[in-house]
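To start, the structure itself, in structure tokens.
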Protein chains: 2
Amino acid sequence: MTFQKEKPSEDSLSLTFMALSDPTRRAILARLAQGEATVKELAEPFDVTLPAISKHLRVLKKAGLIIQGRKAQWRPCKIETKPLEEMSVWVEQYRHLWEARFDRLNDYLNTLQDEGDESP
Amino acid sequence: MTFQKEKPSEDSLSLTFMALSDPTRRAILARLAQGEATVKELAEPFDVTLPAISKHLRVLKKAGLIIQGRKAQWRPCKIETKPLEEMSVWVEQYRHLWEARFDRLNDYLNTLQDEGDESP
């Protein structure tokens, strides 16, 4: 039996979602939201090797979520927000769905309250 | 040389991002945002086989983004917004970063404008 692996999608939104589907990469991004950091600094809080961190950085770079300076010894990484902004626009189109759910719940709670007020 | 594949993360946010990293799965979700649909209806607009669609649905179900009814012949799929809401909360924490960028651009444009006003 052969197992056919799904080919990863290469459009920018797919690359962003793929890059964010790992908690270590999300933690790296959270760190970079505080300011620039070197690969060594980024690796410190994690129980992973430098090559493993470098691999995560490559995925984040491919998605355009970070950029890395070119100075040979000290190559600080920096967060880039454009893909996050694009993702935010994407998810906002669904907001009305969960807000509608809250509205229905609220209406229901108000009905219960009214019924309570009307009882003797 | 051996290539070690990254083990997919199984926390809910990672599963959501992974499920959304494919344009067909995002299109399925966009369709279900309009209302319930059967697997056959979901497959129609795509140039893929029913088993391929079923595989996409399994990924979306695992992430909790859709639920599927249990009626044997007609198992309509329905969107579930909780993971999208969680994702929205996650991305919102970065909004200040791109808004700060717009503010700086705006300040710069105002400076240019002021300089223009002051010239004879």
Side-chain angles (χ1 to χ4, degrees), chain A residues 3-27 29-35 48-49 51-52 55-56 58-59 62-63 65-66 78-102 104, chain B residues 3-27 29-35 48-49 51-52 55-56 58-59 62-63 65-66 78-102 104:
Chain A
F3 175 71
Q4 219 178 354
K5 214 196 140 297
E6 187 182 317
K7 199 169 149 260
S9 298
E10 296 277 318
D11 63 280
S12 70
L13 209 46
S14 296
L15 286 174
T16 304
F17 282 128
M18 179 56 73
L20 296 172
S21 70
D22 179 276
T24 304
R25 288 197 288 270
R26 292 198 301 277
L29 220 55
R31 166 63 189 83
L32 291 176
Q34 311 295 323
V48 288
T49 60
K55 199 179 159 191
H56 282 311
R58 276 201 300 279
V59 178
K62 195 177 172 191
L65 284 159
I66 66 169
K78 202 176 157 222
I79 193 169
E80 281 286 294
T81 57
K82 204 168 171 293
L84 294 173
E85 211 181 318
E86 197 185 325
M87 208 189 96
S88 166
V89 170
W90 182 88
V91 76
E92 278 305 308
Q93 69 184 318
Y94 293 99
R95 176 177 293 277
H96 68 284
L97 292 178
W98 68 80
E99 287 189 342
R101 191 156 51 80
F102 286 135
R104 282 197 302 276
Chain B
F3 174 71
Q4 219 179 354
K5 214 198 141 298
E6 188 183 318
K7 198 169 150 262
S9 299
E10 295 278 317
D11 63 279
S12 69
L13 208 46
S14 296
L15 286 174
T16 303
F17 282 127
M18 178 57 72
L20 296 172
S21 71
D22 180 276
T24 304
R25 287 197 288 269
R26 291 197 302 277
L29 220 56
R31 166 63 189 83
L32 292 176
Q34 311 295 321
V48 288
T49 60
K55 199 180 157 190
H56 282 312
R58 276 201 301 279
V59 178
K62 195 178 172 188
L65 285 159
I66 65 169
K78 203 178 157 222
I79 192 169
E80 281 284 293
T81 56
K82 203 169 171 293
L84 294 172
E85 210 181 318
E86 196 185 324
M87 207 190 95
S88 166
V89 170
W90 183 87
V91 75
E92 279 304 309
Q93 69 184 319
Y94 294 98
R95 176 177 293 276
H96 69 282
L97 292 178
W98 68 79
E99 286 188 345
R101 191 156 51 80
F102 286 135
R104 281 197 302 274

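Only a predicted model underlies this, so the values are computations on that prediction, with no experimental measurement involved. We name chains A, B, ... by the order of the sequence lines, and we start the count at 1 in each one.
- In terms of heavy-atom proximity, A:Pro23 sits nearest to B:Asp11 at CG-OD1, 3.6 Å.
- For B:Leu15, no part lies under 4.5 angstrom from a heavy atom of chain A.
- Put simply, CG on B:Leu97 and NZ on A:Lys82 are 15.5 Å apart, with the number rounded to the nearest 0.5 Å.
- Interface remark: of the candidates A:Ala52, A:Ala19, A:Ser14, A:Ser14 forms the most heavy-atom pairs closer than 4.5 Å to chain B.
- Looking only at heavy-atom pairs under 4.5 Å with chain B, the residue among A:Glu92, A:Glu85, A:Met18 that has the most is A:Glu85.
- The two residues A:Ala33 and B:Tyr94 come nearest to each other via the heavy atoms CB-CE2, 3.6 Å.
- Minimum interatomic distance between B:Thr81 and A:Trp98 (heavy atoms only, all atoms of both residues): OG1-CB, 3.4 Å.
- Among all heavy-atom pairs drawn from B:Val91 and A:Val91, the shortest one is CG1-CG1, 4.4 Å.
- Listed here is the closest heavy atom pair of B:Phe17 and A:Leu20: CD1-O, 3.1 Å.
- Take B:Arg58 and apply the salt bridge (charged side-chain N to carboxylate O under 4.0 Å, His left out) test, not counting sequence neighbours, and it matches no residue.
- Side-chain contact check for B:Ser9 versus A:Ser21: every heavy-atom pair is 4.5 Å or farther apart.
- Contacts of B:Ala30 with chain A are made by both backbone and side-chain atoms, with heavy-atom separations under 4.5 Å.
- Within the 4.5 angstrom heavy-atom criterion, no atom of B:Gln93 approaches chain A.
- In terms of the salt bridge (charged side-chain N to carboxylate O under 4.0 Å, His left out) criterion, A:Glu86 has no residue partners (sequence neighbours excluded).
- Contact annotation for B:Arg26: both backbone and side-chain heavy atoms come within less than 4.5 Å of a heavy atom of chain A.
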